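The block underneath contains the structure these notes are about, expressed in structure tokens.
Numbers restart at 1 for each chain; the letters A, B, ... are given by sequence-line order, proteins then strands. Computed from a predicted structure; not experimentally measured.
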Amino acid sequence: AQTVTQSQPEMSVQEAETVTLSCTYDTSESDYYLFWYKQPPSRQMILVIRQEAYKQQNATENRFSVNFQKAAKSFSLKISDSQLGDAAMYFCAYRVHRESGGGADGLTFGKGTHLIIQP
Amino acid sequence: DARVTQTPRHKVTEMGQEVTMRCQPILGHNTVFWYRQTMMQGLELLAYFRNRAPLDDSGMPKDRFSAEMPDATLATLKIQPSEPRDSAVYFCASGLVGTFYEQYFGPGTRLTVT
């Protein structure tokens, strides 16, 4: 079974600084996707960034970027120029990719990291 | 702006009562997921459907939970009888196989069983 581990229950960063959230995962699959979701107090799950395992290039979305280390099964999220609106729970998630059998499964989530932005 | 909708947003009920949660997936999406979020367990996959057919419900307690898709625009999750340990936020998400297949989440139903 796949597992996703987020070892930092809570992180704090000063506004405008950079913060990195850690995520490791365990899988025997070779083809999969990794995601970071943001959950603000409204509890809406918002996709922040995604990474296909077959791509070596790290994904970036504006101030958000990932450091994907496939061999180490590590997938960290870097938030640059932190803003007050970034304060939320951040969840790392994994999904296997299958060409047959429908092509998609449910997400496996980590326990989350609570990100606090200090003004 | 296409969104997944869920009703009700909040539900308080007494132990032993039946609870029905509803989800309207994004029009055209062919896969629907149910997740549960608790403080202790985090986010867990309960079940999912593709083209209205159940594909996996291994995460769901079978004795009291049931999930259905009566039509392409409605998914339901029922708990009968409800128990205090069922208190959680229940999320529905939808997606479209064949594309990159992002999952779009609804706002969740916060269930409290007293």
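- With hydrogens and angles ignored, the 3.5 Å screen pairs a side-chain donor or acceptor of A:Gln51 with a backbone N or O of A:Ala59.
- Interface residues of residues 109-117 of chain A toward chain B, defined by a heavy-atom distance below 4.5 Å and sorted by number: A:Phe109, A:Lys111.
- Residues of residues 104-114 of chain B lying within less than 4.5 angstrom of chain A, judged on heavy atoms, are B:Phe105, B:Gly106, B:Pro107, B:Gly108, B:Thr109, B:Arg110 in numerical order.
- A:Lys78 NZ: 12 or fewer foreign heavy atoms inside a 6.0 Å radius.
- Between the B:Gln6 side chain and the B:Tyr90 main chain, a donor and an acceptor come within less than 3.5 Å of each other.
- A:Glu52 and A:Phe68 make their closest contact through O-CE2, 4.2 Å (heavy atoms, listed as atom of the first residue, atom of the second, distance).
- Neither the backbone nor the side chain of A:Gln6 comes within less than 4.5 Å of any heavy atom in chain B.
- Heavy atoms of B:Arg3 lying under 4.5 Å from chain A are absent altogether.
- In B:Lys11, the NZ atom is not crowded: 12 or fewer heavy atoms of neighbouring residues, nucleotides or ligands sit closer than 6.0 Å.
- Neither the backbone nor the side chain of B:Met39 comes within less than 4.5 Å of any heavy atom in chain A.
- Interface remark: B:Glu44 contributes no atoms to any contact with chain A (heavy atom separation under 4.5 Å).
- Open room surrounds CG on B:Leu27; 12 or fewer heavy atoms of other groups in view lie less than 6.0 Å from it.
- Closest non-hydrogen pair, B:Val32 versus B:Cys92, comes out as CG1-SG, 3.7 Å.
- Residues B:Phe33 and B:Tyr48 place their aromatic rings such that the two centres sit under 6.0 Å apart.
- The minimum heavy-atom distance linking A:Ser22 with A:Ser76 is given by the pair CA-CB, 4.3 Å.
- When heavy atoms are compared at a cutoff of 4.5 Å, A:Leu107 approaches chain B by way of both its backbone and its side chain.
- Shown here for A:Val96 and A:Tyr94, the closest heavy-atom pair between the two residues is N-CE2, 3.7 Å.
- Outside the 6.0 Å centre-distance limit, the rings of A:Tyr25 and A:Phe75 are not counted as a close aromatic pair.
- The side chain to side chain contact (heavy atoms under 4.5 Å, CB included) test with A:Val48 is passed by exactly one of A:Tyr37, A:Tyr90, A:Phe91: A:Tyr90.
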